[in-house]
K.L.:
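Just dropping this structure here.
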Amino acid sequence: MALIKSGAILPTIVLPIIAICVIGTIGLIVTRAVQNGGLMPRPTDLDSFVCKGFPTPFNMVFRHGMDVVQLRTSTVTLYGDFLNGKISWEGLPNAVAQLGFMPPSEIVYDDAKTLRLIDASVALRTERVCERKS
């Protein structure tokens, strides 16, 4: 009762509780940083999808929420940026010459198992389905 009347309850009880919480939080951050090898979480791999409906079969490497894509054939790897569903390929004229066809221009849908692309190598807007590589 004397602690309450004197006002010493704050430094006697509350501050040690706050200190324990702060030290616990710092300890948790340090433990996770050691487990991850740094303060940032480990990067996850991109998902690979097999695309067979195109003039030449290829793998499309992509992860939902990321702004990069890759198109891989046995001889060519093409890099692109993904923004608002549209794919902007690096060095497109050279890529078309190397691939022998126009690479996909859009990703219209993706989930854990499939990726739906717009085939830019045909005159009509054609959607092709790629399946996730296991």
K.L.:
More than 12 non-hydrogen atoms from neighbouring residues, nucleotides or ligands closer than 6.0 Å to CD on E131, yes or no?
P.N.:
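Incorrect, the count does not exceed 12.
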
K.L.:
Assigning hydrophobic clusters by single linkage (Ile, Leu, Val, Met, Phe, Trp, Tyr; side-chain heavy-atom cutoff under 4.5 Å), is V129 placed with V69?
P.N.:
no

K.L.:
Give every residue pair that meets the salt bridge (Lys or Arg N to Asp or Glu O under 4.0 Å) criterion with at least one member in residues 15-30, sequence neighbours excluded.
P.N.:
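Non-adjacent pairs meeting salt bridge (Lys or Arg N to Asp or Glu O under 4.0 Å): zero.
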
K.L.:
Between I118 and F49, is there a shared hydrophobic cluster once you connect ILVMFWY residues whose side-chain heavy atoms come closer than 4.5 Å?
P.N.:
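They do not share one cluster, since no chain of ILVMFWY contacts under 4.5 Å joins I118 to F49.
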
K.L.:
Name each donor-acceptor pair under 3.5 Å that joins a side chain in residues 71-85 to protein atoms two or more places apart or in another chain, with its distance.
P.N.:
unit_1: R72; atom_1: NE; unit_2: Q70; atom_2: OE1; d: 2.8
unit_1: R72; atom_1: NH2; unit_2: Q70; atom_2: OE1; d: 2.5
unit_1: T73; atom_1: OG1; unit_2: T75; atom_2: N; d: 3.3
unit_1: T73; atom_1: OG1; unit_2: V76; atom_2: N; d: 2.9
unit_1: T73; atom_1: OG1; unit_2: V76; atom_2: O; d: 3.3

K.L.:
So which atom in C51 and which in M60 form the shortest heavy-atom distance, rounded to 0.1 Å?
P.N.:
SG-CB, 3.9 Å

K.L.:
List, one per line, each side-chain donor-acceptor pair under 3.5 Å for residues 102-114, sequence neighbours excluded.
P.N.:
unit_1: E106; atom_1: OE1; unit_2: R125; atom_2: NH2; d: 3.3
unit_1: E106; atom_1: OE2; unit_2: K86; atom_2: NZ; d: 3.2
unit_1: E106; atom_1: OE2; unit_2: R125; atom_2: NH1; d: 2.8
unit_1: Y109; atom_1: OH; unit_2: D111; atom_2: OD2; d: 3.0
unit_1: D110; atom_1: OD1; unit_2: H64; atom_2: ND1; d: 3.2
unit_1: D110; atom_1: OD2; unit_2: H64; atom_2: ND1; d: 2.9
unit_1: D111; atom_1: OD1; unit_2: K113; atom_2: N; d: 2.9
unit_1: D111; atom_1: OD1; unit_2: T114; atom_2: N; d: 2.7
unit_1: D111; atom_1: OD1; unit_2: T114; atom_2: OG1; d: 3.1

K.L.:
Between CG of N94 and CH2 of W89, what distance do you get to the nearest 0.5 Å?
P.N.:
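The CG atom of N94 sits 14.5 Å away from the CH2 atom of W89.
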
K.L.:
Hydrophobic clusters here meaning ILVMFWY residues chained together by side-chain heavy-atom distances under 4.5 Å, can you tell me if L117 and V50 are in one?
P.N.:
no

